[in-house]
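For reference, the structure discussed in these notes is given below.
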Amino acid sequence: MIQTEEGRVFEEIPVEGILGLAFPAMAANGIRPFVDGIIQNKAIGRNEFAFYFSHAFQPRGGPCPEFGTFQPEGAGRWMSGRQGRRILECRGPDDVAGNAIFWGGVDRAFYSGDIEYFPVVEPYYWAVQLKDFKIGQDSLLHLLLPEEEQTGLEHLSHRSQKQARGEQTTFKAIVDTGTTFFTAQGRLFKEVMNRLTAAPCSSLTEQSHPDITYTLVNTAGEARDFVLTNKQYMLHGGEGEDVECTPAFMMIQVPAAHGPGMVLGEVFLRIYFAVFDRGSGAVQEARLGLAPAMHDTSAKSRLKGLTAHQPVYHRPTTS
């Protein structure tokens, strides 16, 4: 129960609380998480939920990112949909059908191709195995590890001991709807910011700001590349010829017990429709599904039609 709200974010958006969608291992004080409650009560057709985010991203206003995080006039609403789906939509004044959560099923109007699934490697966050992270052709994932302070000989000895014990570092990609940007930590964050510098949007090239690649491991044990261009990972700071673009990266230190990892936040989820599947409900069956998101007029029309007759929440105004 939230008793006090401190911070500008609570003054600017119509938020009534935070709904956690992770696993029981993360739950405070041993309480039953919301998702586990609806699974146990068989409240939805399938034990899964999915997120669809509109294509536009405007951190200074516009179609409400993060269900209102940067949108003072955003609105959220529930609806009961067909085939057991329930939809939560966040709308801004400029986009009458923006973002949505689908409960208990998916709708093909919002993604293309097939949904590919990736096993959750640790049911704490929605974390899947991150096999590589590259800027251009340069693999940088090793920079997530803390810099060794030992001498070269000591370092080799320490590494051989870990290998003898069968230990191997599993890097994680944490898909999180509550995080706006991509994240990195330590040396990797510094390297990303050094390579992908802020610059006038008109000056960006494939040479100055090459593609970035996240390589994830699917349920068949196969590596899959998710490639983003500078038009996708650089954010516009305004409008006009001299507008500056900045990298959509922020510094977040994943707790050592659940890392090393990188978070794929809302910017990634605007490109890929994401399905959070709990299978029968057992945490060991959890998997993440990804497919290219659709942003054509039919997708927007479909969402607008699904939510056309539902009431809209607005924060009461004070005189």
Side-chain angles (χ1 to χ4, degrees), residues 1-2 15-53 64-69 76-90 99-107 110-111 115-129 172-180 216 218-219 252 254-255 257-259 261 263-266 268-270 272-291 293 303 306-307 310 313:
M1 177 69 69
I2 296 178
V15 63
E16 292 187 309
I18 298 173
L19 178 62
L21 299 174
F23 296 91
M26 184 185 276
N29 303 318
I31 65 171
R32 183 178 67 178
F34 172 77
V35 172
D36 288 80
I38 61 177
I39 289 173
Q40 292 173 22
N41 288 304
K42 300 183 181 353
I44 54 179
R46 295 172 58 90
N47 297 325
E48 66 182 23
F49 54 93
F51 275 81
Y52 173 79
F53 285 90
C64 43
E66 283 193 343
F67 296 102
T69 297
R77 62 193 186 175
W78 287 95
M79 70 159 287
S80 294
R82 301 174 183 174
Q83 301 176 359
R85 293 187 304 270
R86 289 178 175 81
I87 297 172
L88 172 63
E89 181 197 7
C90 177
N99 312 321
I101 304 176
F102 297 87
W103 292 100
V106 299
D107 191 317
F110 300 100
Y111 65 92
I115 297 173
E116 185 169 13
Y117 286 91
F118 302 81
V120 171
V121 294
E122 182 191 8
Y124 185 80
Y125 303 113
W126 283 89
V128 300
Q129 184 178 349
K172 301 177 178 75
I174 300 167
V175 179
D176 182 36
T177 62
T179 301
T180 305
L216 310 182
N218 67 14
T219 52
I252 286 185
V254 176
H258 306 290
V263 179
L264 309 182
E266 181 193 322
F268 179 81
L269 293 170
R270 291 183 180 279
Y272 293 99
F273 182 86
V275 183
F276 300 79
D277 184 5
R278 286 285 299 270
S280 70
V283 296
Q284 296 84 357
E285 297 180 18
R287 59 182 188 165
L288 173 77
L290 296 170
L303 185 54
L306 286 171
T307 59
Q310 301 303 307
Y313 168 81

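The figures that follow rest on heavy atoms only: side chains count, while hydrogens, waters and symmetry mates do not. Nothing fancy with the numbering, it's 1 onward along the sequence.
What you find for Pro33 and Pro24 is that their closest heavy atoms are CG-CA, 3.6 Å. Contact record, Lys172 with Gly259: NZ-O, 3.3 Å, taken as the closest heavy-atom pair. Between Ile174 and Ala127, the shortest heavy-atom contact is CG1-CB, 3.9 Å. Of all heavy-atom pairs spanning Ala25 and Pro123, the tightest one is CB-O, 3.7 Å.
When each of Phe102, Phe273, Tyr272 is tested with Phe110 by the rule ring-ring contact (aromatic ring centres under 6.0 Å, His included), just one qualifies, namely Phe102. Of the residues listed (Asn218, Leu216, Leu290), the one engaging Val128 in a side-chain contact (heavy atoms from CB on, under 4.5 Å) is Leu216, and it is the only one.
Asn47 places a side-chain N or O within donor-acceptor distance of the main-chain N or O of Gly279, the cut-off being under 3.5 Å. Checking side-chain atoms of Trp126 against main-chain N and O of Leu21 turns up a donor-acceptor pair under 3.5 Å.
Partners of Ile115 by side chain to side chain contact (heavy atoms under 4.5 Å, CB included), not counting sequence neighbours, listed by chain and number: Val106, Tyr111, Tyr117, Val275, Ala291.
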### Message
Walk me through whether Asp107 and Leu306 qualify under side chain to side chain contact (heavy atoms under 4.5 Å, CB included).
### Response
CA-CA 11 Å; Asp107 191 317; Leu306 286 171; 4.1 Å; yes
### Query
Do Phe23 and Val120 pass the side chain to side chain contact (heavy atoms under 4.5 Å, CB included) test, and can you show the C-alpha distance, the side-chain angles, and the key distance before you say yes or no?
CA-CA 11 Å; Phe23 296 91; Val120 171; 4.3 Å; yes
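Pairs passing the salt bridge (Lys or Arg N to Asp or Glu O under 4.0 Å) check and including a residue from residues 20-42, sequence neighbours excluded, read Asp36-Arg278.
Side-chain contact between Arg270 and Asn99: present, with at least one pair of heavy atoms (C-beta onward) separated by less than 4.5 Å. Counting heavy atoms from C-beta on, the side chains of Thr219 and Phe118 never come closer than 4.5 Å.
With values rounded to the nearest 0.5 angstrom, Ile39 atom CD1 is found 10.5 Å from Glu48 atom CD. Interatomic distance, Thr179 OG1 to Leu269 CG, rounded to the nearest 0.5 Å: 9.5 Å. Put simply, CG on Asp176 and CD1 on Ile252 are 8.0 Å apart, with the number rounded to the nearest 0.5 Å.
Aromatic ring orientation, Phe49 versus Phe51: perpendicular (interplanar angle above 60°, classes split at 30° and 60°). Using cut-offs of 30° and 60° for the angle between ring planes, the His258 and Tyr125 rings count as perpendicular.
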